[in-house]
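Note sheet for the following structure.
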Amino acid sequence: MKCPYCSAEDTKVIDSRPAEENNAIRRRRQCQACHKRFTTYEKVESIPIIVIKKGNIREQYDRGKIEAGILRSCHKRPVSYDQIISTVDSIESSIFNMEEKEISSDAIGELVMEKLKDLDQVAYVRFASVYREFKDVNTFMEEIGKLLK
C-alpha cells in the first residue's frame, strides 16, 4: 500500500478491526518512510449483477428497487424498518449466493414473495397483486386461498 503523503511503498499495519457491520476491515497504517498514519478499508469486491427484465431488457441490479417494493407492500403494516432491511439483506444474500452474472426479474420477484409470505401475509398479497398483475377479485381470492391452506 502506497503512502498517500510521500508515496513510499513500505507501510505497516498497526491496527485492524471490523467496519461497516462486518462487511469491511478498517486498517490503520503507518508509513515506514515519513511515519505518518492513514486509514484504509478492505472490502470484498462484488460482481455486478445484471437483471433481465420483461422484453429481454437488461439493467444493473439495484437493491433500492427491492427495498422500495417491500416498503410499499408493508405500508401501514406492523412491520418494522429493521425487519424490512433484514428481509432485503436475506433476499440479496440469496441472489449473490446464486453466483450468476445475470438473473431474471421473475426470479427476484419470486424470492421477494417467498420472504414476504413469512414476514407479513397482507404485504405478501399486496406485492403479489402488483407483481403477478392481478386482473380481478377472483385472482386475489385464489392467492388468499393458497395462503390459507
Side-chain angles (χ1 to χ4, degrees), residues 1-4 7 9 11-31 37-149:
M1 177 68 59
K2 270 188 176 180
C3 173
S7 296
E9 292 186 18
T11 62
K12 176 179 162 186
V13 175
I14 12 182
D15 181 43
S16 289
R17 63 181 67 176
E20 298 177 23
E21 297 178 8
N22 286 330
N23 291 323
I25 300 288
R26 176 187 177 273
R27 297 198 193 281
R28 195 73 181 133
R29 296 176 178 267
Q30 183 172 17
C31 175
R37 293 182 176 191
F38 59 97
T39 303
T40 60
Y41 290 88
E42 183 178 316
K43 280 184 164 182
V44 172
E45 185 176 28
S46 61
I47 301 166
I49 295 176
I50 302 299
V51 177
I52 304 169
K53 303 188 61 106
K54 291 177 183 169
N56 230 13
I57 297 168
R58 286 170 163 70
E59 64 180 45
Q60 193 162 354
Y61 167 78
D62 181 1
R63 174 193 170 98
K65 288 187 177 186
I66 295 172
E67 189 174 325
I70 292 175
L71 278 167
R72 275 192 300 274
S73 298
C74 293
H75 183 68
K76 294 189 178 182
R77 296 296 306 150
V79 179
S80 72
Y81 184 71
D82 287 341
Q83 288 174 298
I84 291 170
I85 294 304
S86 176
T87 301
V88 174
D89 288 344
S90 175
I91 293 165
E92 194 169 62
S93 288
S94 296
I95 291 169
F96 290 141
N97 287 338
M98 290 177 184
E99 296 181 1
E100 298 288 333
K101 292 180 182 174
E102 294 185 338
I103 184 169
S104 71
S105 59
D106 290 339
I108 294 173
E110 293 298 326
L111 278 170
V112 171
M113 287 197 304
E114 183 182 310
K115 298 295 181 181
L116 276 176
K117 194 181 289 187
D118 296 333
L119 182 66
D120 184 271
Q121 291 184 342
V122 172
Y124 164 78
V125 173
R126 285 177 177 171
F127 186 87
S129 70
V130 174
Y131 174 70
R132 291 196 174 138
E133 299 173 349
F134 290 178
K135 302 290 184 219
D136 55 29
V137 175
N138 291 332
T139 317
F140 270 99
M141 295 306 291
E142 288 172 20
E143 198 64 41
I144 291 170
K146 289 178 194 174
L147 275 174
L148 294 175
K149 287 183 182 176

Check your understanding: Counting heavy atoms not belonging to Met141, are there more than 12 under 6.0 Å from its CE?
Key -> no
Practice item. Taking all non-hydrogen atoms of both residues into account, name the closest pair between Val125 and Phe134 and its distance. Key: O-CE1, 4.5 Å
Check your understanding: Just how far is it from atom CG of Leu111 to atom CG of Asp106, taken to the nearest 0.5 Å?
Key -> 11.5 Å
Study note, to complete from the structure: Between Ala19 and Tyr41, the two heavy atoms sitting closest are CB-CE2, 4.0 Å
Study note, to complete from the structure: One should read off an interatomic distance between Ile70 CD1 and Tyr81 OH, to the nearest 0.5 angstrom, of 11.0 Å
Exercise for review: May I ask you to check whether over 12 heavy atoms, not counting those of Arg58, lie within 6.0 Å of atom CZ?
Suggested key: yes
Practice item. State the NZ-SG distance between Lys12 and Cys31, to the nearest 0.5 angstrom. Key: 12.0 Å
Check your understanding: With a 4.5 Å limit on heavy-atom distance, are the side chains of Asp120 and Pro78 in contact?
Key -> yes
Check your understanding: How about Ser73 and Val112: do any of their side-chain heavy atoms sit closer than 4.5 Å?
Key -> no
Exercise for review: Could you grab the distance from atom CG of Asp82 to atom OG1 of Thr87, nearest 0.5 Å is fine?
Suggested key: 10.5 Å
Point to revise | Exceeds 12 heavy-atom contacts within 6.0 angstrom, atom CD of Glu102 | key: yes
Point to revise | Among Asp15, Ile14, Thr11, the one residue meeting side chain to side chain contact (heavy atoms under 4.5 Å, CB included) with Arg29 | key: Thr11
**Study point:** SB check Lys117 Glu114 (cutoff 4.0 Å)
**Key:** no
Practice item. Decide yes or no for Glu143 and Arg132: does some side-chain heavy atom of the first lie under 4.5 Å from some side-chain heavy atom of the second? Key: yes
Check your understanding: Within a strict 4.5 Å, meaning less than it, do heavy atoms of the Tyr124 and Ile144 side chains meet?
Key -> no
Practice item. Over all heavy atoms of both residues, which pair between Ile49 and Glu100 is shortest? Give the atoms and the distance, please. Key: CG1-O, 4.0 Å
Review point. Do Glu59 and Lys65 meet the salt-bridge criterion of a basic N to acidic O distance under 4.0 Å?
Key: yes
Practice item. Mind checking the SG-CZ spacing from Cys3 to Arg37? Nearest 0.5 Å is all I need. Key: 12.5 Å
Review point. Do you know which two heavy atoms are closest between Glu67 and Val88, and how far apart they sit?
Key: CA-CG2, 3.9 Å
Listing, residues 90-97 side-chain donor-acceptor contacts under 3.5 Å, not counting sequence neighbours, or none:
from: Ser90; atom 1: OG; to: Lys115; atom 2: NZ; distance (Å): 3.0
from: Glu92; atom 1: OE1; to: Arg63; atom 2: NH1; distance (Å): 2.8
from: Glu92; atom 1: OE2; to: Tyr61; atom 2: OH; distance (Å): 2.9
from: Ser93; atom 1: OG; to: Asp89; atom 2: O; distance (Å): 3.1
from: Ser94; atom 1: OG; to: Ser90; atom 2: O; distance (Å): 3.1
from: Asn97; atom 1: ND2; to: Ser93; atom 2: O; distance (Å): 3.1

Check your understanding: Looking only at heavy atoms, what is the nearest atom pair of Cys74 and Arg126, with distance?
Key -> C-NH1, 4.0 Å
**Study point:** Gap between atom CD1 of Ile57 and atom CD1 of Ile50 - 0.5 Å precision
**Key:** 13.5 Å
